[in-house]
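Take a look at the structure below.
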Amino acid sequence: MTRLMMPVALSVVLAFPAAAQDLRAPSEFESIADPSERSAAIFEEMGKVLTHPRCLNCHPKGDSPTQGDDMHPHMPPVVRGAADFGAPGMTCNTCHGPENYETVGVGGIESVPGHEPWSLAPVEMAWTDMSLGEICAQLKDPERNGDRTMDEIHDHMANDGLVGWGWDPGEGRTPAPGSQQLFGQLTRAWIDTGAACPG
Amino acid sequence: MTISFTVNGQDRSVDVDPDTPLLWVLRDELRLTGTKFGCGIAQCGACTVYLNGMTRRSCVTPISMVEGSDVTTIEGLSGPEAEAVQAAWTAIDVPQCGYCQSGQVMSATALLQQNGAPTDEDIDNAMAGNICRCATYVRIRQAIHDAAKTLEG
Amino acid sequence: MNIHTSRRGFLTGLIVAVALPQLARAEARPGYFNELPALDGDWAPNAFIRVAPDNTVTVLIKHIEFGQGPYTGLTTLVAEELDADWGQMRAAAAPADAEKYANMAFGMQGTGGSSSMANSFMQMRKAGAAARAMLVAAAAEKFGVPADQITIEKGVLKAGDQSASFGELAEAAASQTAPDDPQVKSPDQFRLIGTDLPKVDTKAKTDGQAEFSLDVYLDGMLTAVVAHPPKFGATVASVDDSAALQVAGVQKVAQIPQGVAVYADNTFAALKGRAALEIDWDDSSAETRSTDQMIDQWTAAARATGHAARDWEVEATGDVDQALSGAEMVEATYVFPYLAHTPMEPLDGVIRLGDREADVWMGSQMQTGDVGTLASTLGIQNVRLNTMLAGGSFGRRAQPDAHFAAELGEVAKAHGPGAVKLLWTREDDIQGGYYRPLTVHNIRAALDADGNITAWDHGIAAQPIFIGTPFEGMLQGGPDFSAFEGASELRYTTANHRLRWAQMESPVTTLWWRSVGHSHTGFAVECFVDELLEKAGRDPIEGRLALLGDDHPREKGVLQRVAQMADMSGDFGYGVAVVKSFDSYVAQIAEVEDRGGIPHVRRVWCAVDCGLAVNPNIVRAQMEGGIGYGLSAVLFSEITLDQGGTIRQQNWDSYPIMRIPQMPAVEVEIVQSAEPPTGVGEPGTPPIGPAVANAWRRMTGKALRRLPIVPVA
């Protein structure tokens, strides 16, 4: 009996075995003597966050985000639109409010995620289907990181509210590992050690 | 908790649980019944209203978020795009059961307010969040094109 | 916001709805009434027609309107015989009254089997013709001329330079004798029938004014939701309602046979209260098999006897076993999942219980059964049912066991006198059962050297729909045709034919789902015959025409028509199917694109023969919608149970249905016919699945035998 499977499953490969993940502090990498090696190792640790479904879902390569810990296609179907904010007539804020909204007494999803602002990452900052090394190179490339300096990258990782949503994603979603504070510290340590990329 | 906002240009205040979805405030408190319940989780679009001029699924909008905002429902929908959409809907008898059509009309009008000459793809993208279980989609596409032509003059 | 007042104050003030779609008296467009206007001042020539002094003609529609068009179609029949102006026509729901308003096909009031137009066609025309005769007689008296000199055009009776409207003549017409057997028009006299008259309910359905059961608000009304068992056949073991009763606005919690009801001042409080209930469920009688396990059992039962609660041999001609033995056999097994209907408006209703009487507002599809059940549940005689517009049904609101009316009655009984709205949420709907039965087909066939089918051995495993309900008597002890209709009386001639039905059992409740048995038999038969034709090297259309022989001219007619319509020159897959259901004949050709291994249906051509098309625009709309509905199920939808019996789907996120990007362009042509009108609500649905699957197989070589084609893992 032939039955086709939706591409749902294809992207699951990238989905993180999230629950078990903890994020290590920069101090745990001090034993690596070579600064470049240490830097790359710290970036790999950052990768636990960068490749977590909470981040990947809204850094898609294509035209549409994914959702859920299994990174299934966004339902209802939505597109990125000219401003990474959805299509005219169905912009992101049609459903996503300024904060997470926990549904009460209805089934299907436990909460609708929300934050102000809420949008997709620009397509040049897409991470899906990329190796950590490729993501790293992209992060450092002003052409593909929103023309950010390394300090601004740190600021984005450490302080941006929508990035921070990854650790407070609402009922029914696994938070990104660690905390935004720790992630900021890792980013700082990575930059201070030369912002090397894994091989 | 008392929440104040405007609905269709009129000042309204309600004293309700702040988590109450706007949908149920519109229906149960204000008796504006054109906005429908279909799923409760922003899957179907039957509850679409405008919040400060933008489309919004009222079933996932806590009333606490609406404080000080302007809400437009199907009952208060007006303007050239709305008139063109409703005329086009009527001309080719889009609705079947009709239950989803308030939401369809709200989304279609919002689309035309932002894009006066949508392609089939633009229409599909804007309307993908509005389920019609009768599958009147062929006519929804047609009516939006017809309305766009009317607006062109 | 428009607040229309009633024509003559017929609103009793009980309904507090802010907006009502009544039409101002001078407005020259057709319309409908939410509630039947009071009779005072109207002339009622019969049970179906009321002529008001303001010259509006209201037709009482005995069938529920949920998009399939009876408000417009049945009103057209009356307007035709009256030669009325379409703008003066109104429709209103007839009261629940099995004597006056029975479906002639059922013997009770109800809607289903795509029968509204077919069973009403002569009845409504005669009602119109009777009124016409009385108006003409009144005009003849008034004008002082013989009746045969009176003409009627657009609602005006004329003789010479004298004229009068229906409204002006109503009082005089009331004293005329109604003819016993009024003469109806011959088809060549039709002016309205066969034209695309605008629907009476469209305007109110584009401006939010149409009123559904959900929109009924009564003074002091509470809203109730019910916690239903999470598994089929489970019951309440114990309930702790203390947290629920703490929720602000929750007034009461009551255990009823269907579960635990929570009553509150508003919907949100009711939902919040239900979420706060702590219930222990008794699973000892529950279905605990997974649907995967059921599919294995159903498959065994479809292939051979001895695996079912009961095996029925439905049809047998020739000697199938003999013909199959030694022949080159082709065999295929098709698996169809449980399907929920998911109408946009979930099940809901409002009841006001008084002293030994009740008023009820609901989208009742079987008024007679619903009223009877409400009356017996409440132990009262007097139940007045207002049939509301309903937000879709697709079979869901036609309940042989009247389970929703029973629940509404229990909710009212546990509450006592007063008004309550009962609302099912989407997950109540999707997890609530009454599904299209999970069904497995197994077909074995043999071909001779010329490619003719010499044997066809067909086994179907499915739960019944009629058996075990009050409708079982209809079967007179025979098998439940809902499981195999469309596979019986096989149209593709073969001398050796056998059809078996394996009657399966489960606590999972089943119901007719748009096109009932044809929703799976159409797929199995049309896919299998297409494979046989391909094996025999025959063209799918020419091959079908040959197999259909001389006894199926209308199937052949739609096949030939759709073949003319379709442009199959693209670089895509093309597939055809033809299915007769509910006495209508529909052939479809689908153009299918391979999008990354998933079929995307680009275009569909559809030819339909439904006899006389009373309103061709509605017929086309029903074909478009039927195609979308069928495609939705074939591509995406299924209800599955995990091992242990937990239902996996809850809402439309996990029970995906067709959205606009997936909807193909649809072109419909109606075969001209002088035959009486037949159904159009359901017949558009069965052919689309096999047309798509056949296109896919011919394009990719892969036969699709398990639905949905694209399951959500």
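Every heavy atom of this structure was used, including side-chain atoms; hydrogens, water molecules and symmetry mates were not. Remember, it's a predicted structure, so these values are computed and weren't measured experimentally.
For the options B/Gln101, B/Arg139, B/Lys36, heavy-atom pairs under 4.5 Å to chain C are most numerous at B/Arg139. Listed options C/Ala621, C/Pro346, C/Gly392, C/Gly628 were ranked by heavy-atom pairs under 4.5 angstrom with chain B; first place goes to C/Ala621. If you tally non-hydrogen atom pairs under 4.5 Å between each of C/Pro664, C/Gly391, C/Pro661 and chain B, the highest count goes to C/Pro661. In terms of non-hydrogen atom pairs under 4.5 Å with chain C, the most contact-rich of B/Cys100, B/Ala46, B/Ala42, B/Pro21 is B/Pro21. Between chain B and the options C/Val666, C/Asn266, C/Asn617, the largest number of non-hydrogen pairs under 4.5 Å is found for C/Asn617. Ranked by heavy-atom pairs under 4.5 Å with chain B, the list C/Lys421, C/Lys205, C/Glu65 is led by C/Lys205. Interface summary for chain C: among B/Gly129, B/Gly34, B/Gly98, the most heavy-atom pairs under 4.5 angstrom belong to B/Gly98. Ranked by heavy-atom pairs under 4.5 Å with chain C, the first of B/Ile74, B/Val105, B/Asp93, B/Thr35 is B/Asp93. Between chain C and the residues B/Gln104, B/Arg141, B/Glu29, B/Gln86, the largest count of heavy-atom pairs under 4.5 Å involves B/Arg141. Chosen from C/Thr425, C/Asp429, C/Leu389, C/Thr267, the residue pairing most often with chain B at heavy-atom distances under 4.5 Å is C/Thr267. Per-residue heavy-atom pair counts under 4.5 Å with chain C were compared for B/Ser102, B/Ala128, B/Gly103, B/Ala82, and the maximum is reached by B/Ala128.
Proximity to chain B (any heavy atom under 4.5 Å) is shown, for C/Leu631, by neither the backbone nor the side chain. The contact between C/Ser632 and chain B is made entirely by side chain atoms (from C-beta outward), counting heavy-atom distances below 4.5 Å. Heavy-atom distances place both the backbone and the side chain of B/Asp19 under 4.5 Å from chain C. Heavy-atom distances place the side chain of B/Asp17, and not its backbone, under 4.5 Å from chain C. Residue C/Leu197 touches chain B through its backbone alone, counting heavy-atom pairs closer than 4.5 Å. Contact annotation for B/Ile131: both backbone and side-chain heavy atoms come within less than 4.5 Å of a heavy atom of chain C. Heavy atoms of C/Ile627 lying under 4.5 Å from chain B are absent altogether. C/Ala390 touches chain B through its backbone: at least one of N, CA, C or O sits under 4.5 Å from a heavy atom, while the side chain does not.
If you check the side chains of B/Asp124 and B/Tyr137, you find no donor sitting under 3.5 Å from an acceptor. Checking B/Thr136 against B/Gln96 by side-chain atom types alone, no donor-acceptor pair falls below 3.5 Å. Judged by distance alone, the side chains of B/Ser4 and B/Arg12 never bring a donor and an acceptor atom under 3.5 Å apart.
For the atom pair OG (B/Ser69) and CZ (B/Phe5), the distance works out to 9.0 Å, reported to the nearest 0.5 Å.
Contact check for C/Trp605 versus C/Gln588: no side-chain heavy atoms found under the 4.5 Å cut-off.
Checked against the 6.0 Å centroid criterion, the rings of C/Tyr629 and C/Trp513 qualify as a close aromatic pair.
No more than 12 heavy atoms of other residues, nucleotides or ligands shown are found within 6.0 angstrom of CD on B/Glu121.
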| C/Trp652 vs C/Thr342, side chain to side chain donor-acceptor pair (under 3.5 Å): CA-CA, chis, key distance, verdict | CA-CA 9 Å; C/Trp652 278 317; C/Thr342 72; 3.3 Å; yes
| For C/Phe268 and B/Val16, what are the C-alpha separation, side-chain angles and deciding distance, and is it a side-chain contact (heavy atoms from CB on, under 4.5 Å)? | CA-CA 10 Å; C/Phe268 185 64; B/Val16 295; over 6 Å; no
| request: Given side-chain contact (heavy atoms from CB on, under 4.5 Å), test C/Val668 with C/Val619 step by step and report yes or no. | output: CA-CA 9 Å; C/Val668 179; C/Val619 174; 5.5 Å; no
| field | Derivation and outcome, side-chain contact (heavy atoms from CB on, under 4.5 Å), residues B/Asn130 and C/Ile660 | value | CA-CA 8 Å; B/Asn130 288 88; C/Ile660 196 169; over 6 Å; no
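Using cut-offs of 30° and 60° on the angle between ring planes, the pair B/Trp24 and B/Phe37 is tilted.
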